Amino acid sequence: MKIGILTSGGDCPGLNAVIRGAVLKGETRYGDTFLGYRDGWRGVIDDDWIELPRREVRGIGRVGGTILGTSRSNPFHDGADGAEIVLGQMEREGVDALIAIGGDGTLFTANRLMEAGVPVVGVPKTVDNDLDATDYTFGFNTAVEIATESLDRLRVTGDSHHRCMVAEVMGRSVGWIALHSGMAAGAHVICLPEFPLSIDEICAHVQSAFDRGRAPLVVVAEGFVPSDAPEGFVDYDLDEFGRPRFGGIASALAPLIEDRLGIESRATVLGHIQRGGEPTGYDRVLATRLGMAAIDLVHDDGIGRMVALRGTEIVDVPLTAAIDSVKQVPESRWREAEVLFG
Ligand code: F6P
């Protein structure tokens, strides 16, 4: 078979390992050939692609980013007939099936295409770990590692100056990166969008840590808003899809803490550093397994499905499972973590 691969949406450590896993298994097990579309759906729309023989994917499993490039383009943009565009391109190049590697937006588009007759399978990715259909997404572990190392560093400088350090991590509307990195670094309070603390509660934990002679570390998920936040406390621009472009909650909280408690405070936004760089060993293995399993799906009647992790096993679920609901931090995990605050 001839299989087209694309990476779409925000980049994520492990994308290259998926591509390599798919190409290696496809070539050796099934005799497949591959082409890689540049910059996600844009490459399909603009007929912009490269051939992906085995030699092109040599050594890329340990490299961050995506060798194919990515974008948030969408073949249905502006009322276009996405399926006709995609099927037309596939027919011209003799492509039998597509592997779409992406987050909820990409998988939503893939599902729409599948319903219109495009043979496509999905591989879920996001550093946010917010896809319900899979236990963990590759990229999340790397983001947590990077965030944890950064938080450890913030603790060192915070300790030297007896300051409160407020660190903002990614996650969109969920707090998985904040929860895991915050626990790993021993944060004195972790602010999750799912369980909004009030400003008073945050300050109480900060004060308690300070009173014990510690430099308080506050980890805040970018989508967090305090339960008692005044109107306009944080105000985000929207992206072209109407989703908030996060960034700034730490800078809103740090001066408040300083004003209320008189403890010198500093804000740090970790931002895209969490997405760059090499994937961890865990993410390389997970991503490679998902890429290989995606090839099996293409050959085993799995069109319209996506690969997923359940426990330690790679399984497959309908593409719709990725877009049905967001995976939030459950209350049990929150209760577990909050015992450590203050
Ligand atoms: O969804 C992944 C993510 O990294 C979010 O955590 C973050 O809010 C967003 O993407 C940033 O998007 P962009 O790369 O478009 O700035």
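Every number for a ligand or one of its atoms is a count from 1 in the order of the listing. This is a predicted model, so every value here is computed, not measured. The chain is numbered in sequence order, starting from 1.
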Got a sec, which residues hit side chain to side chain contact (heavy atoms under 4.5 Å, CB included) with Ile199, two or more places apart in sequence or on another chain? Cys203, Pro226, Asp228, Phe233, Leu256, Arg260
Within a 6.0 Å radius of atom CZ on Arg58, are there more than 12 heavy atoms belonging to other residues, nucleotides or ligands? no
Identify which of Thr70, Asn129, Asp128, Asp239 has a heavy atom lying nearest to atom 1 (O) of ligand 1. Asp128
Can you see whether Phe246 has Arg172 sitting over its ring - NZ or CZ less than 6.0 Å from the centre and within 45° of the normal? no
Ligand 1 versus Gln274: contacting region, heavy-atom distance under 4.0 Å: neither
is_close_aromatic(His162, Phe210), centroid dist under 6.0 Å: no
I want to know if ligand 1 touches Gly171 in the polar sense, i.e. an N/O pair below 3.5 angstrom. yes
Nearest neighbour in protein (non-hydrogen) for atom 12 (O) of ligand 1: Arg72 NH2, 3.2 Å
Between Asp211 and Gln207, do the side chains contain an N or O donor and an N or O acceptor separated by less than 3.5 Å? yes
Tell me the protein heavy atom at minimum distance from atom 16 (O) of ligand 1, and give that distance in Å. His272 NE2, 3.0 Å
Answer side chain, backbone, both or neither: which part of Arg275 comes under 4.0 Å from ligand 1, heavy atoms only. side chain
If we number the atoms of ligand 1 from 1 as shown, the ones under 4.0 Å from a heavy atom of Glu222 are 5 (C), 6 (O), 7 (C), 8 (O)
contact_flag Arg245 ligand 1 heavy-atom lt 4.0 Å: no
Nearest 0.5 Å, what's the CG-CG distance between Leu113 and Asn74? 8.5 Å
